[in-house]
Amino acid sequence: MMPLTRRSLTIVLGGLATLLLVSLALYWVNSGKTHEIIHVQKEGNSPTIIRNVRVFNGTDEALIPYAGVQIEHGIITKLYQSGKIPPENLAGQNSMRVVDGNGGVLMPAFIDFHAHFGMSSGRPPWDSSIRDLYPLQYEYDAYLYAGVTSIVHASPIVESPFSTIKHGPRVYKTGKIITAKDGHPIPMMKSLIPWPMSMMAIKNLVLQIDPKGIDFKALEALFDGKAHHTKIVIDGVIPLGSPKLSPEKVAKIIAVSHQHGQPVYVHAAAPSDAYNAVLNGADVLMHPAYQGRFDDKMLKLLEQKQTPVVTTVQIWEWMIRGKTKNPPITPLERRLMAPGTYKSLMADWTEGIENYGKYGFTPSYVNKSMPQFHEDLIANIRAMQAHNILMVAGTDYGVPGLTPGASLIRELHVLSGLGMSNLKVLKMATSLPGKILEPTGPELGVIKQGALAEMILLSDNPVENLDAIDHVKIIFTQGNIITPIPLANSE
Ligand SMILES: [Zn+2]
């Protein structure tokens with residue numbers, strides 16, 4: 001009996017010590033002093049009128065010259081036709097706030113359909129440490145700074161019990177990520193997150209399905225009403241040869257989730273796995289496939305079902321970009337990226353890659369597999385574009401090389417570079433994802449009466465000049481009026 005007792009004691013003490021360590025680490029990360037990058041004002045109890053703006057409503061190419069857009073408690077309550085604001089509306093109420101748009105363009109705020117907070121600092125895996133993690137409040141502020149006010153969070157958010165989050169974007173989050181035993185994202189988390197954080201993160205973020213069968217009790221526990229959607233991962237290539245869920249298990253999990261009224265968002269690397277998932281009712285594909293190309297059968301299925309596919313063009317490109325330093329870091333990335341991350345991304349990666357052998361991510365993986373994945377992913381986006389398949393913009397922020405907020409803006413520029421029109425690209429980050437996330441009730445991603453007042457003010461028309469999205473003047477979100485603080489010495 002003695003050895004058993006001693007062993008149990010060791011486990012208990014070890015567990016407590018780990019918990020303490022992790023709590024301290026989380027406290028450190030979440031309470032880390034952040035420099036202020038945005039000013040936040042509350043809307044107040046009387047309406048706010050945004051005057052003197054042209055409106056891109058999220059769907060129509062032509063701007064609408066409204067005399068004023070009225071918002072109250074985070075809802076668009078009135079749109080005043082040109083020259084038709086009754087003077088008493090502006091003068092009658094002392095506490096009413098009037099925001100002068102200066103002839104700029106008001107449009108729906110952006111939506112990032114794929115992000116993970118608290119996962120990384122954006123540094124490459126061989127140069128990461130706990131100390132580099134952005135505090136959650138900073139990640140939120142950076143997203144708001146860039147004009148991104150709604151986020152699909154594709155993993156649970158691990159928040160420290162001491163966290164003091166004051167404001168942030170609107171978050172649609174999943175419960176635990178469902179994957180095969182030891183499947184993606186477990187090896188990646190072990191490689192990116194330092195121990196013991198990685199151990200704790202895996203326990204909190206992932207539900208591993210045993211190859212022998214689904215533990216339905218554990219699965220049912222995910223439908224506690226706290227999650228917006230269910231996330232399933234089917235990926236045998238991170239790293240190569242990782243275990244993945246069978247199509248039968250995926251079909252079963254989708255069916256159970258749907259019984260609970262919860263949509264299922266699927267990460268599938270292989271086209272065949274994506275095909276089976278969509279056929280079995282997956283509601284969203286969180287990436288284009290990257291382990292090979294979509295064939296005609298797949299494209300027809302996506303076209304027929306109109307299953308949305310999230311673009312995530314930067315998930316493999318970051319490695320190519322980091323190796324060649326091309327294309328360069330954008331000014332917005334530079335503004336929102338931690339100085340240490342910038343240094344790390346600009347450093348020579350040759351040595352880091354050569355010594356990078358952790359958890360199966362070999363130099364050959366970096367030099368051969370990753371560029372191939374990128375090529376296939378881009379080819380699949382081009383094919384989907386040619387087939388009129390519903391795509392929405394998302395970054396998978398949390399992946400190395402990505403920057404909170406700034407990466408969604410860059411995503412839109414990359415999509416435009418693939419030959420999509422500005423109008424299409426803007427819709428992919430506003431009205432199209434908005435309709436998926438808010439199918440009933442007040443609309444998201446559009447400017448019309450009764451819709452959520454999630455809006456940004458730009459100085460130029462982004463439908464004509466996409467660069468206008470790089471400088472957001474004012475962000476309206478959830479009853480807050482936010483102004484970004486540009487760097488004092490910038491430009
Ligand atoms: Zn992801």
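FYI, side chains are in, hydrogens and waters are out, and symmetry mates aren't considered; it's all heavy atoms of this structure. Every number for a ligand or one of its atoms is a count from 1 in the order of the listing.
Under the 6.0 Å cut-off for aromatic ring centres, His184 and His267 qualify, their centroids lying closer than that.
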message = Run the ring-ring contact (aromatic ring centres under 6.0 Å, His included) test on Phe117 and Tyr140 for me, step by step, so that the C-alpha distance in whole Å, both residues' side-chain angles and the decisive distance to 0.1 Å come before the verdict.
response = CA-CA 9 Å; Phe117 295 120; Tyr140 282 176; 5.1 Å; yes
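The main-chain N or O of Gly292 is found under 3.5 Å from a side-chain atom of Asp376 such that the two form a donor-acceptor pair.
Within a 6.0 Å sphere centred on CZ of Arg321, other residues, nucleotides and ligands contribute more than 12 heavy atoms.
Relative orientation of the His260 and Phe223 rings is parallel, given thresholds of 30° and 60° on the angle between their planes.
In this model, a donor atom of one side chain and an acceptor atom of the other lie less than 3.5 Å apart for Glu139 and Tyr397.
Around the Zn ion (ligand 1), protein N, O or S atoms at a distance under 2.8 Å total 3; waters are neither shown nor counted.
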